[in-house]
Novice: 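Below you will find the structure I want to go over with you.
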Amino acid sequence: MKMITAIIQTHKLDDVRESLNEVGIMGMTVTEAKGFGRTKGHTEIYRGAEYQINYIPKFKIELVVEDSIEEKVIETISKTAKTGKIGDGKIFVWDIETAIRIRTGETDEQAL
Ligand SMILES: Nc1ncnc2c1ncn2[C@@H]1O[C@H](COP(=O)(O)OP(=O)(O)OP(=O)(O)O)[C@@H](O)[C@H]1O
Ligand SMILES: [Mg+2]
């Protein structure tokens with residue numbers, strides 16, 4: 001299993017979620033996040049306004065998926081979240097050792 005963490009522009013969340021539904025994801029966690037990337041200090045557009053601040057609001061999405069759909073998920077997020085301008089975000093991939101579905105006690109792929 002892999003955990004795919006992506007930091008995306010806030011206005012891209014609905015598009016990303018819709019396109020991921022077609023890939024067969026089982027669940028997703030969304031967190032309001034703030035951060036900066038390597039272009040810190042440059043202006044970025046957020047809700048039509050230019051920001052030159054240290055921390056730009058973003059959404060962090062996290063999905064734990066079977067290895068077999070990892071690449072498809074990454075490709076889908078990359079395509080859907082891209083505007084081509086600075087601040088489009090990043091994707092990080094982690095190995096996941098164990099998953100447990102609390103209600104049923106199922107583990108690993110069966111728990112997703
Ligand atoms: N190395 C990193 N580690 C952790 N979080 C990061 C890292 N780089 C970026 N982020 C997160 O991703 C968000 C978006 O980053 P951003 O897309 O601006 O990266 P960038 O390197 O500046 O690229 P770009 O030139 O496209 O703006 C940041 O606000 C931050 O929350
Ligand atoms: Mg940036």
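In listed order, ligands and their atoms are each counted from 1.
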Novice: Only counting residues at least two apart or in another chain, list the ones meeting side-chain contact (heavy atoms from CB on, under 4.5 Å) with I74.
Specialist: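 Scan of I74 (side-chain contact (heavy atoms from CB on, under 4.5 Å), adjacent residues dropped) gives I4, E70, S78, I91, V93.
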Novice: Between D88 (side chain only) and K82 (backbone N and O only), is there a donor and an acceptor less than 3.5 Å apart?
Specialist: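 Absent.
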Novice: Taking N or O atoms only and a 3.5 Å limit, does I56 qualify as a polar contact for ligand 1?
Specialist: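 N/O-N/O distance below 3.5 Å does not exist for this pair.
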Novice: Geometry only, no angles: is I7 polar-contacting ligand 1 at N/O separations under 3.5 Å?
Specialist: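 In fact, backbone or side chain, I7 has no N or O that close.
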Novice: Could you tell me whether F92 and ligand 1 have an N or O pair separated by under 3.5 Å?
Specialist: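 Among all N and O atoms of F92, none is under 3.5 Å from an N or O of ligand 1.
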Novice: What atoms in ligand 1 come closer than 4.0 Å to a heavy atom of K58?
Specialist: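 So the answer, numbered in order with elements, is 14 (C), 29 (O).
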Novice: Between K90 and ligand 1, is there a nitrogen or oxygen pair with a distance under 3.5 Å?
Specialist: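 By distance alone, the answer is yes.
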Novice: Give the atoms of ligand 1, by number and element, whose distance to some non-hydrogen atom of G37 is under 4.0 Å.
Specialist: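 Those qualifying, in numeric order: 8 (N), 9 (C), 19 (O), 20 (P), 21 (O), 22 (O), 28 (C).
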Novice: Does G87 have a non-hydrogen atom less than 4.0 Å from ligand 1?
Specialist: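 Per 4.0 Å heavy-atom rule, G87 contacts ligand 1.
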Novice: Atom CD1 in I25, atom NZ in K72: separation rounded to 0.5 Å?
Specialist: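 The distance works out to 13.5 Å.
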Novice: For V64 versus M3, what's the shortest heavy-atom pair and its separation?
Specialist: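 Shortest heavy-atom separation between V64 and M3 comes out as CG2-SD, 4.0 Å.
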Novice: Does ligand 1 come near enough to K85 that some N or O of the ligand is less than 3.5 Å from an N or O of the residue?
Specialist: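 No; the residue has no nitrogen or oxygen that sits under 3.5 Å from a nitrogen or oxygen of the ligand.
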Novice: With nothing but distance in play, are any N or O atoms of I86 less than 3.5 Å from an N or O of ligand 1?
Specialist: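 N/O-N/O distance below 3.5 Å does not exist for this pair.
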Novice: Using the test salt bridge (Lys or Arg N to Asp or Glu O under 4.0 Å), find all partners of K60 that sit at least two apart in sequence or belong to another chain.
Specialist: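 Once residues adjacent in sequence are excluded, the partners of K60 under the salt bridge (Lys or Arg N to Asp or Glu O under 4.0 Å) criterion are E62.
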